[in-house]
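Every number for a ligand or one of its atoms is a count from 1 in the order of the listing.
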Amino acid sequence: MAKDQEPLLAEERQSSEQSSERNVEEDALLTGQQKQQKSKYGWPFWREVGLFSWAVIATALVIVLGVLYQHQQSVPPNRSGWGKNGKPTGKRNMIFMVSDGMGPTSLSLTRSFRQTESGLPVGDVLVMDQHLIGSSRTRSTSSLITDSAAGATAFSCGMKSYNGAISVLPDHSPCGTVLEAAKKAGYMTGLVVTTRITDATPACFAAHVNQRSEEDRIAEQMVGDYPLGRVVDLMLGGGRCHFLPNTTQGSCRADDKDVTKLAQDKGFSYVDDRKSFDGLNMGSAVKLPLLGLFAATDIPYEVDRRQLNDVFPSLDEMAQTALRALSDATKDSDKGFFLMIEGSRIDHAGHGNDPVAQVHEVLAYDKAFASVLDFLDKDPTQGVLVGTSDHETGGLATARQLHQDYPIYHWFPDALLNATHSAANLAVQLHYHISIHPNIVQDSLANYIRAVLLEQGLGVYDATDAEISSLMDTSPTALPASYIFADIISRRAQVGWSTHGHSAVDVNIYASSAKAARKLVGNHENTEVGEFIRAYLDVDLEAVTEELKAAGDAVGMGKEVVDIDAIAEVDHYQGDFKRGLECDCGVVH
Ligand SMILES: *[C@@H]1O[C@H](CO)[C@@H](O)[C@H](O)[C@H]1NC(C)=O
Ligand SMILES: *[C@@H]1O[C@H](CO)[C@@H](O)[C@H](O)[C@H]1NC(C)=O
Ligand SMILES: *[C@@H]1O[C@H](CO)[C@@H](O)[C@H](O)[C@H]1NC(C)=O
Ligand SMILES: [Zn+2]
Ligand SMILES: [Zn+2]
């Protein structure tokens with residue numbers, strides 16, 4: 001049987017492999033048919049055919065290999081920006097995202113909220129969750145619990161400093177920042193925030209003062225009124241009041257300097273409302289440098305802003321605008337850009353202990369995060385996104401024991417679903433209502449609180465009389481109404497908070513790819529995040545520090561001086577639990 005099939009097999013092999021000279025020869029030896037053909041055309045003919053075929057194949061192979069090789073040369077196997085020797089290489093963009101005050105629990109809170117709201121399966125996660133690569137330890141030099149100023153100084157200078165420090169070290173000398181050094185190296189630079197652009201996190205990239213509260217001075221420095229001149233190409237966010245002279249409506253400056261004018265003198269185009277933001281056409285109509293201040297102070301919480309969409313742009317819209325503008329502006333440059341994007345008010349929601357404001361802030365940040373990933377995928381320039389938090393805020397727990405008996409293992413995201421406003425916004429509504437009805441009777445105020453603020457505003461239909469009375473309490477020891485609204489909704493959801501301030505828990509580190517941000521995989525000190533940005537941009541912070549120091553105090557780098565010996569004592573127990581209710585009510589974020 002096998003032998004009978006042999007000629008057939010040989011014939012088959014001939015037809016499919018006849019282009020090979022060796023096979024033609026072999027087949028000729030093996031089969032009678034071949035002999036016949038051989039006699040018909042002769043050996044020289046077949047040799048010609050074979051040689052020709054081989055030449056064709058060889059040529060094709062050379063072309064295919066050539067194309068493959070060229071492909072490998074022009075498109076690197078990864079777009080991480082890191083070369084083979086572990087050094088950054090080629091034109092590249094660095095996008096650094098800060099989720100201010102977002103701890104690990106903020107993620108579980110928001111994930112469960114979204115799953116409940118949209119009926120998504122348990123496996124549904126945020127975009128960020130798919131890009132988790134590590135965690136960061138956040139302490140400052142002055143405390144185990146950092147503030148945003150020391151936290152952002154760790155990112156901007158790669159060094160620890162004291163709470164309140166805006167890119168100055170514990171000895172009050174300025175430290176060069178990654179943004180300043182990036183500008184000097186030829187990158188374009190940008191800052192996008194939802195708080196005041198003069199607030200601690202953005203300030204740390206382009207200003208140097210001893211205390212974060214010096215926002216008037218920070219505003220001047222950020223537009224270029226300091227030794228380095230203008231270093232920021234694009235700023236979008238809130239905080240207009242620190243740029244307007246005290247003679248103007250809507251100013252919060254102590255002096256009569258017009259910093260919007262100063263900025264324009266230094267070349268900035270200035271936009272200050274939604275209409276002019278829309279005129280930027282999502283970045284394609286931007287003229288750099290650009291200063292865009294869309295709120296007097298903070299841009300409203302996302303949960304409130306989405307009802308004021310015609311007044312304030314969203315974080316995602318501002319982020320996309322910045323990405324497009326900076327990408328266009330660096331199109332013909334051999335250097336890319338450095339952009340910092342902050343979900344600033346996750347922190348404020350934490351300070352307010354407001355789970356409703358918080359979930360919507362985190363979702364808005366996640367949306368911007370997704371837009372950055374999308375940008376990195378599509379932009380011809382390689383780049384990396386690194387995201388982290390400066391610290392956690394609120395000591396948030398997705399658990400809360402409400403009663404003395406052993407707690408049930410539940411928290412209830414659905415209790416947050418019907419809320420339409422932040423607790424802070426409801427408090428403003430309450431105060432406004434009282435101010436326009438100065439003689440309102442208690443019953444009628446109680447009805448307003450129940451029907452409008454608690455039911456419509458917070459989605460709470462079972463408020464107790466005690467809760468409503470606490471909101472009407474005007475005694476000096478009364479809690480702020482915003483805290484009461486936040487507590488009412490937190491109790492319904494069984495969400496717990498341990499502080500109105502920050503906590504020391506490690507925060508997450510995210511990246512567009514773990515490969516691109518390999519040095520940040522695992523657990524790190526927050527300063528290593530700053531060092532990563534510096535290394536990726538391959539810039540010289542020392543040189544900037546020297547330039548700043550050479551300019552000296554004459555330029556007024558900072559005014560208030562902090563007693564460093566005093567703050568060194570703070571990490572030790574001093575019987576603080578005994579302190580009474582007297583309040584040191586200065587709000588520090
Ligand atoms: C790709 O990126 C990694 C860093 O994550 C680097 O070690 C590697 O050498 C890069 N490859 C090339 C060809 O640049
Ligand atoms: C406004 O600023 C000027 C100094 O620039 C100061 O003299 C004046 O007192 C300020 N006015 C107010 C109302 O703060
Ligand atoms: C939210 O509102 C809807 C419609 O008013 C209501 O049916 C639902 O029970 C409310 N959910 C909660 C958790 O209060
Ligand atoms: Zn912060
Ligand atoms: Zn804070």
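Between atom CG of residue Leu293 and atom CG of residue Leu244 there is a gap of 8.0 Å, rounded to the nearest 0.5 Å.
Within the 4.0 Å heavy-atom criterion, neither part of Pro245 lies near ligand 2. Of the heavy atoms in Asp256, both backbone and side-chain atoms come closer than 4.0 Å to ligand 2.
Of the options Thr153, Thr138, Asn526, Thr527, a side-chain hydrogen bond (donor to acceptor under 3.5 Å, both in side chains) to Lys160 is made by Asn526 and by none of the others. Applying the side-chain hydrogen bond (donor to acceptor under 3.5 Å, both in side chains) test between Tyr226 and each of His208, Glu220, Glu180 identifies Glu180 as the sole match.
Salt-bridge annotation for Asp225 and Arg230: absent, with no side-chain N of the basic residue lying under 4.0 Å from a carboxylate O of the acidic one. Remark: Glu361 does not engage Arg345 in a salt bridge, criterion side-chain N to carboxylate O under 4.0 Å. Salt bridge annotation for Glu215-Arg196: present, with a cationic side-chain nitrogen under 4.0 angstrom from a carboxylate oxygen.
The salt bridge (charged side-chain N to carboxylate O under 4.0 Å, His left out) test applied to Asp255 returns Arg253, not counting sequence neighbours.
Those atoms of ligand 2 with a heavy atom of Ala254 less than 4.0 angstrom away are 1 (C), 2 (O), 10 (C). Every atom of ligand 2 is numbered from 1 in the order shown, and the set under 4.0 Å from a heavy atom of Asp255 is 2 (O), 5 (O).
Taking the six-membered ring for Trp and thresholds of 30 and 60 degrees, His410 and Phe412 have nearly parallel ring planes, at less than 30 degrees apart.
Counting backbone and side-chain atoms alike, Asp347 contributes an N/O/S atom closer than 2.8 Å to the Zn ion (ligand 5). Distances from the Zn ion (ligand 5) show that His502 has an N/O/S atom below 2.8 Å.
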Enumerate the pairs of nitrogen or oxygen atoms, one from ligand 3 and one from the protein, separated by less than 3.5 angstrom; state names and distance to 0.1 Å.
residue, atom, partner, partner atom, Å
ligand 3, 2 (O), Asn418, OD1, 3.3
ligand 3, 2 (O), Asn418, ND2, 2.2
ligand 3, 11 (N), Asn418, ND2, 2.9

Step by step, would you call Arg492 with Asp487 a salt bridge (Lys or Arg N to Asp or Glu O under 4.0 Å)?
-> CA-CA 9 Å; Arg492 268 56 180 186; Asp487 186 57; over 6 Å; no
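Distances from the Zn ion (ligand 5) to each N, O or S atom of His351 single out NE2 as the nearest.
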